[in-house]
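Reading through the structure tokens given below for one structure.
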There are 2 protein chains.
Amino acid sequence: MAELSERQKQIIEAAIELISEKSIQGLTIKNLAKKIELTEGAIYRHFDSKVDILLTILFSFQDEAKKMLNDFCVADISALQLIENLFQHHFEYFAKKPAVASVIFSESIFQNDNRLVVEVLKILDLHEQALACIIKKGKQTNEIKSTIAEKELVRIIIGSIRYTVTKWRLSGYDFDLRKEGKLMLESIKELLKP
Amino acid sequence: MAELSERQKQIIEAAIELISEKSIQGLTIKNLAKKIELTEGAIYRHFDSKVDILLTILFSFQDEAKKMLNDFCVADISALQLIENLFQHHFEYFAKKPAVASVIFSESIFQNDNRLVVEVLKILDLHEQALACIIKKGKQTNEIKSTIAEKELVRIIIGSIRYTVTKWRLSGYDFDLRKEGKLMLESIKELLKP
DNA sequence: ACTCCATGTAAATGAATACTTACAAAATAC
DNA sequence: GTATTTTGTAAGTATTCATTTACATGGAGT
């Protein structure tokens, strides 16, 4: 992906803020222009289309995910600790940047544009792979029971996180996501025990 | 909820079909009118608004869920068997009626209308309660390990189902949902063992 | 000073959308 | 059989949205 100009960065940042504030539906060119005090036409000097903006947002999330997950599994830390870190990081992250959840969980809106779906799937895959690596390690060190296939464990863990976040969003953010995340983590750790 | 006229039933059915075919975005009054060979105005003889139509759809899903779940837990069947039934029914159901998943998973679209969110939450609650009842039973009969709180187990199980369905939808329905559901079920059963 | 290009604006365009209105016909009631 | 209500139609309206167009401006390079 090409480097972003300052203006492009500003637009992307504003777009993410808009999504945080009013969910994905709040992201319109008009709102975007208003937010950075430009005209709508000016936006099109920097991005070809709205889909382009969304793609750029997804790319930036991918980058963040890659940075976070890159040396997650190689570190010399126990698998259970790694899972704890993963949980903590994610719930912290979603609580701080609801826009990410809003975008990643908005698959239904993207279904008219396959490129967007593909990029969301890539983000999911990044997380699945990191988690799969951790689980493999945990099985080897006998921290994690080996009677359950990796693939299913990955889906169970990610599904649990997602559902917790979904309920948080639907409730209008009316509970403490970090606290609920901690409870979920403890339960998952208990479940994984051999 | 008032009884539905024949015409209303026809409209709701067509609406659900539209959602199945092109996801929630495909549900427009124009498409709906075309599908049942009426004019758009005629639709408004039977429903006040589009939100009204969506609410009616959600009510019908609620009814279905209630019927299905009502005597789910009281039956004289083992908890693990009940969970198996629940899984089988759900994956079967989603595979047959993708519209349901499309609506229930479209929370992001509903966020501009709180009534819709509330009704989606009710459907989720119905399922959570049924599952909570099963788990409680299973703990009593020692079929399910009692070291993990009910609430978390419920979220883990529903989260696993939802994530499996989400990946199925994003993949363009390109894997066998029932088969993956079966694998997930086996893993969950294994996890729940005391 | 002149040119050129990047960046901006204001206003339009065109398409989609939910919904309304004025009127007609058909079913129902009496 | 006539009046009334229900259900339909055709053609709007109003709004929202992404995107385009014609034109302006300001700065960089020569």
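To find a chain, count down the sequence lines: A is the first, B the second, and so on, and within it residues start at 1. Side chains included, hydrogens not; waters and symmetry mates left out as well; all remaining heavy atoms used. From a predicted model like this one, the values you see are computed outputs, not experimental measurements.
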Applying salt bridge (Lys or Arg N to Asp or Glu O under 4.0 Å), run through K122(A) and E128(A) and close with a yes or a no. CA-CA 10 Å; K122(A) 279 189 197 161; E128(A) 289 194 10; over 6 Å; no
Letter per nucleotide, 5' to 3', of nucleotides 7-22 of chain D [B base touched, S only sugar-phosphate touched, - untouched; heavy atoms, 4.0 Å]: BBBS------SSBB-B
Which atom pairs link the protein and nucleotides 26-29 of chain D when you take only N or O atoms and keep those under 3.5 Å?
none

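Taking a 6.0 Å sphere around NZ of K35(A), one finds it holds more than 12 heavy atoms contributed by other residues, nucleotides or ligands. Within 6.0 Å of CD on E190(A) lie more than 12 heavy atoms contributed by other residues, nucleotides or ligands. The 12-atom threshold is not exceeded at NZ of K136(A), counting heavy atoms of other residues, nucleotides or ligands nearer than 6.0 Å.
Near DNA chain D, defined here as any heavy-atom distance below 4.0 Å, there are no residues from residues 13-21 of chain B.
Distance F47(B) CZ to dT20(C) P: 16 Å, rounded to the nearest Å. The separation between E6(B) atom CD and dA27(C) atom P is 16 Å, rounded to whole Å.
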Which donor-acceptor pairs under 3.5 Å do the side chains of residues 68-77 of chain A make with protein atoms, sequence neighbours left out?
none

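For the atom pair I11(B) CD1 and I53(B) CD1, the distance stands at 6.0 Å (nearest 0.5 Å).
Salt bridge absent: K9(B) and E3(B) never bring a charged side-chain N and a carboxylate O closer than 4.0 Å.
Between D174(B) and S171(B), the side chains place a donor N or O and an acceptor N or O closer than 3.5 Å (distance only, hydrogens not considered).
The stretch residues 23-61 of chain A participates, sequence neighbours left out, in no disulfide bond (SG atoms under 2.5 Å apart) pair at all.
With sequence neighbours left out, E150(B) forms a salt bridge (Lys or Arg N to Asp or Glu O under 4.0 Å) with no residue at all.
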